[in-house]
Amino acid sequence: MKSVLVIVDWLHPANGGRNGLPQGETYIAPVRFLAQSESDWQDNAWSLKFTWLDKESSSGSWFGIAEFLSPEGPAEWLEPDNHFEIYEGPEPVGKVKVLASAKVMAGIKALA
């Protein structure tokens, strides 16, 4: 499964974000990619699993590893510099940017 390095900027509650940030080391949520129209997103939503690497930032920006729950997920949407949003219900709660590709992540894992 393709894993990428991401940064998540959580929206402030005053801007429709969560009242509290997620607990635990992993988080699963539906996401909406910029390539998806409103109707496409509603009919073909994809969920990602986030594994947090650094969630101690007081700025509300967290670093993590993201991967599709399904192996059929559109891997081309997880390329560096792509942006998407995390949703809880009908509203976005976080904005995500892909920082490093699956190839870079595979190389890092091989070194570890």
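Atom set for the values below is all heavy atoms of this structure, side chains included, hydrogens, waters and symmetry mates excluded.
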Give me the ring orientation class for Trp46 and Phe68: parallel if the planes are under 30° apart, tilted from 30 to 60°, perpendicular past 60°. perpendicular
Which value, rounded to the nearest 0.5 Å, describes the distance between Ile65 atom CD1 and Leu99 atom CG? 9.5 Å
For Ser61 and Ile7, which heavy atoms make the closest approach, and how far apart are they? CB-CD1, 4.0 Å
May I have the step-by-step check of salt bridge (charged side-chain N to carboxylate O under 4.0 Å, His left out) for Lys2 and Glu76, ending in yes or no? CA-CA 10 Å; Lys2 183 175 185 173; Glu76 66 275 10; over 6 Å; no
Would the number of heavy atoms belonging to other residues, nucleotides or ligands and lying under 6.0 Å from CD of Glu38 be above 12? yes
Taking Gln36 for the side chain and Asn44 for the main chain, is one N or O donor matched with an acceptor at less than 3.5 Å? yes
Minimal heavy-atom distance between Ala100 and Pro80, with the atoms involved, is C-CG, 4.2 Å
For Arg18 against Pro13, the heavy-atom pair lying closest together: O-CG, 3.0 Å
Between Arg32 and Phe84, the two heavy atoms sitting closest are O-CB, 3.2 Å
Tell me if the centroids of the rings in Phe50 and Trp10 come within less than 6.0 Å of each other. no
Side chain to side chain contact (heavy atoms under 4.5 Å, CB included) between Phe33 and Leu78: does it pass, once the steps are laid out? CA-CA 9 Å; Phe33 293 90; Leu78 291 179; 4.1 Å; yes
Let me check something: do Val8 and Leu11 share a hydrophobic cluster, defined by ILVMFWY side-chain heavy atoms less than 4.5 Å apart, either directly or through other members? no
Can you find a pair of side-chain heavy atoms, one from Leu34 and one from Asn82, that are under 4.5 Å apart? no
Please give me the minimum heavy-atom distance between Glu72 and Ser70, naming the atom from each residue. OE1-OG, 2.8 Å
Cluster link Trp77 to Trp41, ILVMFWY, side chain under 4.5 Å: no
same_hphob_cluster(Val96, Leu21) at 4.5 Å side-chain heavy-atom cutoff: yes
Per the side chain to side chain contact (heavy atoms under 4.5 Å, CB included) rule, which among Leu5, Asp81, Asp9, Val6 passes with Lys97? Asp81
Where do Gly16 and Val93 come nearest, in terms of heavy atoms and distance? O-CG1, 4.1 Å
Using the six-membered ring wherever Trp is involved, compare the ring planes of Trp52 and Trp62 and label them parallel, tilted or perpendicular (cut-offs 30° and 60°). perpendicular
